[in-house]
2 protein chains.
Amino acid sequence: MEAFRRTCVEKGLAVTHQRQAIYRALISMPEHPAPESVYEVVRSEIPTISLGTVYKNIKTFLNAGLLRAVTLHHESLRLDANVEHHYHLVCTRCKSITDLPADDLEPIQFRRTPPRGFRVQNYSLEVHGLCAACAAS
Amino acid sequence: MEAFRRTCVEKGLAVTHQRQAIYRALISMPEHPAPESVYEVVRSEIPTISLGTVYKNIKTFLNAGLLRAVTLHHESLRLDANVEHHYHLVCTRCKSITDLPADDLEPIQFRRTPPRGFRVQNYSLEVHGLCAACAAS
DNA sequence: CTATTATAGGATAATTATTATCGACTGTCC
DNA sequence: GGACAGTCGATAATAATTATCCTATAATAG
């Protein structure tokens with residue numbers, strides 16, 4: 001929480017009551033919540049907060065690196081007609097996706113059994129970075 | 001394309017003009033398009049097709065396993081306040097997400113340099129399967 | 001080959017998630 | 001303590017997706 005305040009100051013962000021409540025809610029929620037759920041939690045502390053404020057600050061926190069999105073592609077469904085096992089190269093700048101053959105990487109190996117009785121079916125891996133075009137600029 | 005027709009018959013899906021055009025568009029698009037882009041391409045072949053039909057059939061294809069979505073979480077932004085490097089266990093049934101410490105897996109190793117001048121920044125890995133609760137039922 | 005029927009398509013409205021706008025308010029800095 | 005920029009809350013607007021409903025067409029039996 002102290003680190004949060006420090007980062008806000010560094011980035012020139014006002015440390016408001018609402019921002020602190022939103023951030024506190026986020027770190028208390030390990031279930032990777034959607035903005036709507038964060039709103040529910042924050043509202044129990046600040047009943048007058050608006051959903052727009054929650055969205056705005058989540059976006060602010062994402063830009064400040066205080067927070068991460070689980071996927072880079074939540075804005076729209078992206079499709080893959082190649083149902084063979086393979087991975088993806090994703091450009092963090094232009095969001096383009098290209099295929100990466102599975103055997104370009106060493107196979108994924110668990111060091112211990114997955115926790116909490118999770119029954120593994122398969123896995124997906126995205127390599128993030130800059131595509132050639134974006135790296136050039 | 002023959003395999004497509006066979007799968008349709010197996011799953012009791014009518015092999016319509018529109019479905020074939022949509023599927024043909026999909027396999028011709030390696031850029032992992034959004035439904036809107038697929039619609040644009042199909043429309044050049046069937047100008048009267050409706051966007052709703054494209055959406056409906058994409059969903060049908062996903063259910064039939066003819067197609068895959070790049071991410072399981074496109075319907076809404078999912079947040080992660082833990083900015084340390086770690087992975088995710090994702091339940092394919094209830095879509096719940098739990099953290100998996102990075103050192104539960106052997107480190108990811110490239111066998112060859114990534115293609116197309118891609119400059120790697122980091123990577124994200126999701127292990128898909130059934131959580132304990134969903135596996136029980 | 002034609003009739004029948006279930007399924008699918010097209011047009012459109014509705015819903016959901018997210019973003020923008022704008023006047024009022026409040027941290028921050030002097 | 002007051003000025004100013006940045007933030008908030010309310011609300012409207014937009015974007016993505018889904019549902020509805022009536023018509024058209026693919027599958028299939030005869």
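Letters A, B, ... are given to chains in the order of the sequence lines, protein chains preceding strands, and every chain is numbered from 1.
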Notebook entry, point to check: Between Arg19(B) (side chain) and Ala14(B) (backbone), is there a donor-acceptor pair under 3.5 Å?
Noted result: yes
Check: Is any side-chain nitrogen or oxygen of Tyr55(A) closer than 4.0 Å to OP1 or OP2 of dT18(C)?
Finding: yes
Item checked: Sugar-phosphate only, base, or nothing, as touched by Thr53(B) at under 4.0 Å among non-hydrogen atoms -> base
Item checked: Nucleotide nearest Gln18(B) (side chain, heavy atoms from C-beta), chosen from dA8(C), dT19(C), dG10(C) -> dG10(C)
Check: So, does His74(A) use its side chain to make a donor-acceptor pair with the main chain of Leu72(A) at under 3.5 Å?
Finding: no
Check: Between Leu13(A) (CG) and dA5(D) (P), how many Å, whole number?
Finding: 17 Å
Notebook entry, point to check: To the nearest angstrom, how far is His73(A) atom NE2 from dA16(D) atom P?
Noted result: 15 Å
Next item on the list: Could you check Gln18(A), Gln20(A), Arg24(A) and say which one makes a side chain to side chain donor-acceptor pair (under 3.5 Å) with Glu45(A)?
Entry: Arg24(A)
Next item on the list: Report the nucleotide, chosen from dA27(D), dG9(D), dT19(C), that has the shortest atom-to-atom distance to any side-chain atom of Ala14(B).
Entry: dA27(D)
Next item on the list: Send over the distance from Ile58(B) CD1 to dG9(C) C1', rounded to a whole Å.
Entry: 15 Å
Check: Are the aromatic rings of Tyr123(A) and His85(A) close, with centres under 6.0 Å apart?
Finding: yes
Next item on the list: Measure from CG on Leu51(B) to C1' on dG10(C) and round the result to the nearest Å.
Entry: 11 Å
Next item on the list: Whole angstrom is fine here: how far is it from CD1 in Ile46(A) over to P in dC25(C)?
Entry: 17 Å
Note to self: Go nucleotide by nucleotide along DNA chain D from the 5' end; which of Ala34(B) and Val15(B) gets its closest nucleotide reached first?
What the structure shows: Ala34(B)
Check: Rounded to the Å, how far apart are Leu77(A) CG and dA15(D) P?
Finding: 18 Å
Margin query: Rounding to an integer number of Å, can you tell me how far Lys59(B) NZ sits from dG9(C) P?
Written below: 15 Å
Check: What nucleic acid atoms does His74(A) come within less than 4.0 Å of, heavy atoms only: base, sugar-phosphate, or nothing?
Finding: sugar-phosphate
Check: At under 4.0 Å between heavy atoms, what does Glu36(B) touch on the DNA or RNA strands: base, sugar-phosphate, or nothing?
Finding: nothing
Notebook entry, point to check: Closest nucleotide of DNA chain C for Ser76(B) versus for Ile49(B): which of these residues is on the 5' side?
Noted result: Ile49(B)
Notebook entry, point to check: Is any side-chain heavy atom of Thr7(A) closer than 4.5 Å to a side-chain heavy atom of Leu13(A)?
Noted result: no
Note to self: Tell me the interatomic distance from Lys56(B), atom NZ, to dC21(D), atom P, rounded to whole angstroms.
What the structure shows: 13 Å
Next item on the list: Tell me which of His17(B) and His17(A) sits closer to the 5' end of DNA chain D, going by the nucleotide each one is nearest to.
Entry: His17(A)
Notebook entry, point to check: Counting side-chain heavy atoms from CB outward, which of dG9(C), dT17(D), dA10(D) is closest to Thr16(B)?
Noted result: dG9(C)
